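Inspection log for the structure reproduced underneath, given as structure tokens.
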Protein chains: 2
Amino acid sequence: MTPKKKGHKSSKQVTIKDLARQLGTTPSTVSRALRDQSGVGEKMRERVKALARQQNYRPNAVAAGLRKGNSHTIGVIVPRVNRDFFSGVIAGIEEVAYESRYSVIICQTHDRLDKERQYVETLLSARVDGILVSLGLETDNYDHFEKVISSGIPLIFFDRVPDEMNVNRILVDDYQGSLQVVQQMIRAGYQRIAHFAGPDYLNVYRDRKQGYLAALQKNNIPVDEDLVISNDLTIEAGRRSMQELLAKGIMPDALFSASDYSALGALLFMQEQGYRIPQDFGVAGFSNEKFTSYIKPPLTTVDQHSKEMGKYCMNLFLQEVKGEGGAPGRIMLNPEVLIRESTLRKTDEK
Amino acid sequence: MTPKKKGHKSSKQVTIKDLARQLGTTPSTVSRALRDQSGVGEKMRERVKALARQQNYRPNAVAAGLRKGNSHTIGVIVPRVNRDFFSGVIAGIEEVAYESRYSVIICQTHDRLDKERQYVETLLSARVDGILVSLGLETDNYDHFEKVISSGIPLIFFDRVPDEMNVNRILVDDYQGSLQVVQQMIRAGYQRIAHFAGPDYLNVYRDRKQGYLAALQKNNIPVDEDLVISNDLTIEAGRRSMQELLAKGIMPDALFSASDYSALGALLFMQEQGYRIPQDFGVAGFSNEKFTSYIKPPLTTVDQHSKEMGKYCMNLFLQEVKGEGGAPGRIMLNPEVLIRESTLRKTDEK
DNA sequence: AAATTTTACACAAACGTTTGTGTTGTGCAA
DNA sequence: TTGCACAACACAAACGTTTGTGTAAAATTT
């Protein structure tokens with residue numbers, strides 16, 4: 001009967017002008033008062049704030065952004081948000097952003113180059129104050145990022161970074177992580193270790209492959225080209241690649257995959273084929289996705305300190321924006337190798 | 001030697017005014033030309049576009065937003081992005097948003113009420129054109145959303161929606177989903193089914209509990225209060241609650257959890273205690289997180305059509321923004337019950 | 001050919017801030 | 001009492017668009 005609606009439905013937001021008019025003063029004074037700038041008396045300041053509160057005034061960030069030339073917003077471009085690694089980075093970015101009252105626009109490319117390009121345009125049009133990016137799988141051309149640079153706003157890459165560009169980059173030591181995992185696998189007794197690799201033009205996959213190759217070399221294990229397979233690192237790809245290997249009569253005794261997902265695909269396939277993990281076949285992945293610790297057996301993998309990485313990103317941005325950006329920053333974090341049951345062949349029984 | 005930099009480092013972005021000046025025309029004509037509005041000749045239009053392209057003109061969305069009073073951006077507030085359910089919804093929202101060229105600001109509350117409040121303020125200040133929300137676990141007060149409503153922009157809730165408010169809402173039939181899962185468990189032969197519930201003031205958890213209770217009732221199984229436990233639905237909580245049950249000497253023969261995560265915690269705990277799933281103990285969850293199909297045994301759960309839900313959300317928003325918003329829309333999707341091994345006690349051997 | 005409509009453009013105001021520069025008036029020292 | 005510094009405020013321009021209106025010339029009709 002008595003409708004609960006209080007606020008008028010289509011009420012225009014109250015502006016600084018409205019406040020000024022009601023107080024018999026000017027917009028400039030109101031603006032200064034609200035932001036505690038000098039040049040306005042104690043009494044007026046109080047009156048302004050009181051009225052603002054009472055009228056439910058909310059500053060128009062768009063207008064302020066236009067005038068000040070910045071939006072206090074940053075853009076983050078990632079392949080997908082539902083990877084624990086990326087959502088971890090995002091969490092880190094957000095934590096720092098939240099403290100400094102920055103808004104974060106998150107864009108998912110789904111590993112598609114066209115979307116990546118489009119989002120860069122959108123973010124530049126939205127006049128974000130900076131862009132944080134991890135490249136998509138398809139990205140083998142960086143023209144769209146040149147535009148960002150020439151626009152003058154900070155650009156920071158993390159994890160999947162472009163090789164050719166001299167830009168800020170934050171990453172984990174993929175080479176070391178891979179090296180150590182494979183070393184452990186060899187120590188556990190595996191002899192013919194296969195590798196699932198990603199595209200060679202992305203630093204992370206190249207480095208992981210190099211780490212794998214280095215481990216073999218250090219242990220005088222010859223590299224078998226047949227055991228190194230490139231795929232798109234999904235569960236399905238992992239399953240399929242494993243199947244194809246066996247179909248070709250190639251039988252490794254372990255797998256180090258550049259991704260936890262393709263590792264999982266292979267693991268599931270091998271289990272279905274009746275192989276026992278880790279006795280008959282060892283499996284290791286990369287990224288420390290959460291599921292790796294739930295499955296049976298838990299998967300050996302490499303943690304990339306995703307949240308830390310996110311914090312570093314945002315802090316680097318804040319530095320840059322303060323004008324402290326000299327040469328492009330380069331930060332490399334140490335990965336943490338997590339040896340779990342999936343590569344623990346009964347080696348301790350020696 | 002010859003530095004590659006073309007764009008001047010700190011180059012101010014070229015504006016519509018710059019173009020106008022160079023063409024000997026006015027900003028208004030340039031603006032209309034670029035947007036293919038009527039009132040500008042074919043020849044001039046071409047000249048404008050050519051120059052814009054050549055000078056790398058990029059429209060300033062902030063300025064346009066201020067003038068037009070809309071930002072072509074929407075805000076999405078979710079508890080966390082690294083749940084498959086939420087990232088699925090986000091994917092759906094983005095897909096539709098991308099087509100209609102809307103930007104999406106994603107905000108994670110981490111289930112905290114203070115963050116939820118803060119993000120609402122931020123989004124309103126940023127003058128987003130609409131807000132899509134799924135409530136946090138702590139949210140038992142909706143004052144901050146009243147502000148959104150009185151600001152006049154569309155507000156749409158999904159999945160976790162407020163009871164008291166008469167607003168747009170899109171959800172899945174939690175009651176039906178739960179009812180069917182528990183019915184199946186009973187048919188599979190489980191007699192004493194425990195339930196992990198979330199806070200009663202959130203619709204989804206209340207409905208799931210109701211579905212659970214209804215299933216018992218329909219099968220003339222008395223409700224045992226000891227078997228209904230509220231926790232915060234994390235893995236750890238699931239593990240702990242299960243442990244506490246056993247410690248108290250209460251021994252259910254199955255569990256239906258309102259969340260896949262707490263279901264997983266309980267499942268892992270029971271396996272560690274030597275119980276076989278599903279023979280000795282049945283487990284079912286809710287939400288169809290991806291990991292549920294990887295673990296051993298695969299977990300029975302309920303799919304909520306997350307991506308669909310996201311699309312519905314965004315489409316409902318688009319409708320509202322076109323002014324076609326009559327009474328608040330209410331959409332209920334049918335869930336899909338996924339019976340998997342974790343509740344498949346050898347019932348078919350009858 | 002005159003009257004009328006239409007086209008192609010220019011002009012100017014507006015969106016809501018922020019900020020540089022005037023303009024008072026007050027208090028203080030000389 | 002004059003001069004000066006400074007506080008407290010008003011005034012106005014600017015940020016980059018969009019959009020309503022004005023005004024010629026061109027195209028169309030009669």
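Bear in mind that the values here come from a model prediction, so they are computed numbers and not experimental data.
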Problem - Approximate separation, where rounding is to 0.5 Å, of Leu132(B) CG and Met309(B) CE - result: 12.0 Å

Practice task
Report the residues that fulfil ring pair (Phe, Tyr, Trp, His ring centres under 6.0 Å) with Phe317(B), sequence neighbours left out, ordered by chain and then residue number.
Solution key: Tyr102(B)

Fill in the blank from the handout: Asp36(A) meets the side chain to side chain contact (heavy atoms under 4.5 Å, CB included) criterion, sequence neighbours left out, with Arg45(A), Lys49(A)

Practice task
For Asp129(A) and Asn70(A), indicate whether the former's side chain and the latter's backbone hold a donor-acceptor pair under 3.5 Å.
Solution key: no

Practice task
Mind jotting down which residue pairs meet the salt bridge (charged side-chain N to carboxylate O under 4.0 Å, His left out) criterion with at least one end in residues 71-80 of chain A? Sequence neighbours excluded, please.
Solution key: Arg80(A)-Asp111(A)

Any N/O pairs under 3.5 Å between the protein and nucleotides 24-26 of chain C? List them or say none.
none

Practice task
Indicate yes or no for a side-chain donor-acceptor contact from Ser151(A) to the backbone of Val148(A) under 3.5 Å, with no hydrogens or angles considered.
Solution key: yes

Handout entry: Those residues of residues 47-74 of chain A lying under 4.0 Å from DNA chain D by at least one heavy atom
Key = Leu66(A), Arg67(A)

Handout entry: Sequence-distant partners of Phe157(A), ring pair (Phe, Tyr, Trp, His ring centres under 6.0 Å), two or more places apart
Key = Phe145(A)

Exercise for the section: Taking atom types as modelled, find out whether Arg35(B) and Ser31(B) have a side-chain donor-acceptor pair closer than 3.5 angstrom. Expected result: yes

Practice task
Examine the side chains of Thr29(B) and Thr26(B) and answer whether a donor and an acceptor come within less than 3.5 Å of each other.
Solution key: yes

Exercise for the section: Please find the earliest and latest nucleotides of DNA chain D, in the 5' to 3' direction, that have an atom within less than 4.0 Å of any heavy atom of chain A. Expected result: dA8(D) to dG16(D)

Exercise for the section: Measure the CD-CD distance between Gln55(A) and Gln13(A) for me, rounded to the nearest 0.5 Å. Expected result: 12.0 Å

Handout entry: Sorted by number, the residues of residues 19-35 of chain B with heavy-atom contact under 4.0 Å to DNA chain C
Key = Gly24(B), Thr25(B), Thr26(B), Ser28(B), Thr29(B), Arg32(B)

Handout entry: Axis-to-axis angle between the two ends of the helix from dA1(C)-dT30(D) to dA30(C)-dT1(D) (five base pairs per end, rounded to 10 degrees)
Key = 50°

Exercise for the section: Determine yes or no for a side-chain-to-main-chain donor-acceptor pair under 3.5 angstrom, with Thr73(B) supplying the side chain and Val104(B) the backbone. Expected result: no

Where do N or O atoms of nucleotides 4-7 of chain C meet protein N or O atoms at under 3.5 Å, pair by pair?
none

Practice task
Look at the side chain of Glu116(A) and the backbone N and O of Gly136(A), then say whether any donor-acceptor pair between them is shorter than 3.5 Å.
Solution key: yes

Practice task
Say whether, by atom type as modelled, one donor and one acceptor occur between the side chain of Asp18(B) and the main chain of Thr15(B) under 3.5 angstrom.
Solution key: yes

Practice task
Could you tell me whether Arg117(A) and Asp114(A) make a salt bridge, using a distance below 4.0 angstrom between a side-chain N and a carboxylate O?
Solution key: no

Exercise for the section: Classify the side-chain pair Gln118(A)/Arg101(B) by whether it contains a donor and acceptor separated by less than 3.5 Å. Expected result: yes

Exercise for the section: Give a yes or no answer on whether the side chain of Arg127(A) reaches the backbone of Leu123(A) with a donor-acceptor pair at less than 3.5 Å. Expected result: no

Handout entry: Nearest-0.5 Å distance, NE2 of residue His144(A) to CD of residue Glu121(A)
Key = 10.0 Å

Completion exercise
Contact check, residues 121-130 of chain B vs DNA chain D, heavy-atom distance under 4.0 Å, returns none

Handout entry: Donor-acceptor pair, side chain of Asn203(A) and main chain of Asp159(A), under 3.5 angstrom
Key = yes

Practice task
Write out all pairs satisfying side-chain hydrogen bond (donor to acceptor under 3.5 Å, both in side chains) with one or both partners inside residues 88-100 of chain B, taking only residues at least two apart or from two chains.
Solution key: Gln108(A)-Glu94(B), Glu95(B)-Lys307(B), Glu95(B)-Lys311(B)

Fill in the blank from the handout: When rounded to the nearest 0.5 Å, the distance separating NZ of Lys147(B) from CD1 of Ile131(B) is 11.5 Å

